[in-house]
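Notes follow once the structure below has been shown.
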Amino acid sequence: MQPAMQLAEFKNEPLSDFNHPEPRRRMQEALEQVRQELGREYGLVIGGERITTPDKLKSFNPAQKDQVVGVFSKADPELADRAIRVADEAFKTWSRTTALERAELLLETAKILRHRKYYYAAWMVYEVGKSWGEADADVAETIDFAEFYAREMLRLDKPLPLTPVPGEKNYLRYIPLGVGVVIPPWNFPMAILGGMTMASVVTGNTVVVKPSSDSPVVGYKFFEALEQAGLPAGVVNYLPGSGSQVGDLLVTHPRTRYIAFTGSKEVGLRINELAAKTSPGQIWVKRVVAEMGGKDSIIVDSEADLGAAVEGVTVSAFGFQGQKCSACSRAIVDEKVYDAFLEKLKARVEQIKVGNPADPDVFMGPVINAGAKKSILEYIEVGKKEGRLVTGGSAPDGNGHFIQPTVIADVPPQARLAQEEIFGPVLAVIKARNFDEALEIANNTEYGLTGAVYTKNRHKLEKAAELFHVGNLYFNRKCTGALVGAHPFGGFNMSGTDSKAGGHDYLLLFLQAKTVSEKVA
Ligand code: NAP
């Protein structure tokens, strides 16, 4: 037990309103500062030591393909092994620190991020093509994770009530697991990387973080903030490198105790399988926390406010170019309002401005890389055959990986466009005979991450609350933008292990419980 720490109740970090001159000016300045820092070289970090290797990983601006954002030394299997061993050594001391010390580290990190939030947001504009608003929200979510998990750790550090037994003194306390491997995606390059890393270290674990090859600089900036906040060497080891080259070694290493992964279903399932095999010398069953893909639906009922539904679908489908696991990729619309909805949707989507997100008026930037662009355009061709192209469908000219926001209507519920995760600005519109059929269609994929329903009918909302099988269900609002603390996040079925990041159960995934019972006179 430690001295109590008085913290104000957790509140979400406010988002910036870039219509106001002050945040606008500060973001412009941050973009200019970061522009001058582009193209620098970084080493990978093991035990606090910057290590340079001959093999380099280059990160490019997806809105300006030839602009190098940063150059990283790449890890190889030998360095990956070293990183795990260093983390294992650091665990001996970090696991014995108090919950209070570790919570303070996160609170200090939150302060640093808050103080320079436009600087961090600007890196995301350059490295992954986020609009100003999306980048600002990513930093705010990272701050929320820091503040929320700090409070959660202090809560879990308090004794848990146990059933009294005469003649015994019993208590239970949570202890860390060991060395974790953190493998995040590029689409929330700070919030997801930071969330999984901070959950690990605040619970007393040590980690090797392997960032996505598409966003190593943003991850490094977060790592630097942790260091500035007082993170001891070796507790977090920052290891950029190709997932296919070092991923298996990190996952199968006998000293790896758990893997916290967020990314595609394919990679998540592979990690889960590999982690289930026992390596020589391994003395535990590895834990896997895996948050994976989605094929998320918004149901638009005959009794919906169509204007609100059009807005919610548009923002959910095309915000950050549809590259969110929570993005709406299917609008399932009651046939009674189908034509009216489509007409309004087309008009709304055609107002979207696509371009370089360094421009504050741009809503949709580029998709992440050339491979993603090719795959999305192939899906659009499939969609043109499976359904009817309503708007978009091609790639505008420019020096970036741009794709127009695309709507394909009359898509059959079992079509590829209705079933497979595209991860880009492509919306399938599906017609349903009635609300019950809409619910059936909503549940007909292998995923179960987010969903939304637009209707004014309470009975239908109650039915959806029972039957719509997703981890995060929203009524009469968009299906993206989960807030830490308010909307614990994680999905069912092939969307992952339902870890509910940003919720009260999350830190338990990084802990194990020890019960101590003493016979007393
Ligand atoms: P991804 O291709 O699965 O990559 C995710 C991470 O896994 C990257 O760091 C990647 O490294 C690494 N990786 C690749 N192969 C690996 C291997 N064999 N072993 C270990 N690690 C390996 O996913 P992504 O394109 O970055 O992200 C998009 C996906 O994430 C979508 O499916 C989206 O739905 C999902 N997502 C889910 C959530 C959620 O909360 N459910 C949130 C955000 C995103 P490299 O970059 O070096 O390949």
Side-chain angles (χ1 to χ4, degrees), residues 12 15 133 137 294-319 322 324-352 363 387-388 390-391 405 407-413 418 425-445 447-483 485-489 491-492 495:
N12 294 109
L15 299 178
K295 189 73 192 171
D296 311 307
S297 305
I298 295 185
I299 294 179
V300 182
D301 176 49
S302 58
E303 298 176 79
D305 171 341
L306 276 197
V310 163
E311 192 55 31
V313 167
T314 304
V315 172
S316 306
F318 302 114
K324 297 181 188 178
C325 53
S326 55
C328 169
S329 60
R330 317 191 310 164
I332 304 169
V333 186
D334 189 300
E335 63 182 13
K336 291 187 248 352
V337 293
Y338 188 82
D339 292 339
F341 172 82
L342 262 186
E343 195 184 315
K344 281 182 195 286
L345 181 73
K346 179 176 187 302
R348 174 65 183 88
V349 171
E350 286 174 355
Q351 287 168 7
I352 290 176
F363 177 77
R388 167 170 61 95
V390 173
T391 185
V407 177
I408 298 184
D410 308 345
V411 175
V426 182
L427 174 73
V429 185
I430 304 170
K431 191 186 281 187
R433 280 195 303 274
N434 51 43
F435 189 70
D436 286 347
E437 193 189 56
L439 275 177
E440 264 169 45
I441 297 170
N443 286 335
N444 79 356
T445 77
Y447 296 106
L449 190 47
T450 74
V453 177
Y454 278 88
T455 183
K456 293 176 191 158
N457 183 320
R458 175 118 314 263
H459 172 69
K460 287 175 179 168
L461 291 179
E462 280 163 13
K463 197 166 197 178
E466 283 296 312
L467 298 179
F468 198 155
H469 193 61
V470 291
N472 287 75
L473 181 59
Y474 301 95
F475 292 155
N476 293 315
R477 53 149 288 178
K478 62 180 181 166
C479 65
T480 54
L483 284 175
H487 313 123
F489 191 80
F492 303 154
S495 291

Hey, does N476 have a side-chain heavy atom less than 4.5 Å from the side chain of L461?
yes

Residues C479 and A327: closest non-hydrogen pair is SG-C, 4.3 Å

Note: G312 and I298 closest approach over all heavy atoms is O-CD1, 4.1 Å

So, does D296 use its side chain to make a donor-acceptor pair with the main chain of R330 at under 3.5 Å?
no

* Please check if the side chain of N444 supplies one atom and the backbone of P413 the other of a donor-acceptor pair under 3.5 Å. => yes

For A465 and F475 the tightest heavy-atom approach is N-CZ, 3.8 Å

In this structure, CZ of F489 is separated from OG of S326 (nearest 0.5 Å) by 5.0 Å

Residue set satisfying ring pair (Phe, Tyr, Trp, His ring centres under 6.0 Å) with F492, at least two apart, ordered chain then number -> H469

| Charged tip of K431 within 45° of Y338 ring normal and under 6.0 Å | yes

Taking every heavy atom of L306 against every heavy atom of A340, the minimum-distance pair comes out as CD1-CB, 3.8 Å

Rounding to 0.5 Å, atoms NZ (K344) and OG1 (T314) come to a distance of 12.0 Å

Contacts satisfying side chain to side chain donor-acceptor pair (under 3.5 Å) that involve residues 456-465 (not counting sequence neighbours) are D301-K460, E303-N457, E303-K460, D436-K463

Between the main-chain N or O of R433 and the side-chain N or O of E437, is there a donor-acceptor pair closer than 3.5 Å? yes

- Task: Can you establish whether the number of heavy atoms outside E335 located under 6.0 Å from its atom CD is more than 12?
- Result: yes

### Query
Looking at side-chain heavy atoms only, is the closest gap between D305 and Y454 below 4.5 Å?
no

- Are V407 and V429 side-chain neighbours, meaning at least one heavy-atom pair lies under 4.5 Å? yes

Separation between OG1 (T480) and CG (N472), nearest 0.5 Å, reads 11.0 Å

Discussion item. Between C328 and L427, is there a side-chain heavy-atom distance shorter than 4.5 Å?
Written reply: yes

CG (L449) and CG (L473) are apart, to the nearest 0.5 Å, by 11.5 Å

> Are side-chain heavy atoms of E311 and V315 found at a separation under 4.5 Å?
Replying inline: yes

Exercise for review: Report yes or no: does S329 contribute a side-chain atom to a donor-acceptor pair with the main-chain N or O of K295 at less than 3.5 Å?
Suggested key: no

To the nearest 0.5 Å, atom CG of L439 lies from atom CG of L467 at 6.0 Å

To the nearest 0.5 Å, atom CD of E350 lies from atom CG of L345 at 9.5 Å

Closest non-hydrogen contact found for F318 with P425 is CE2-O, 3.3 Å

Nearest heavy-atom contact between V453 and A464 is CG2-CB, 3.8 Å

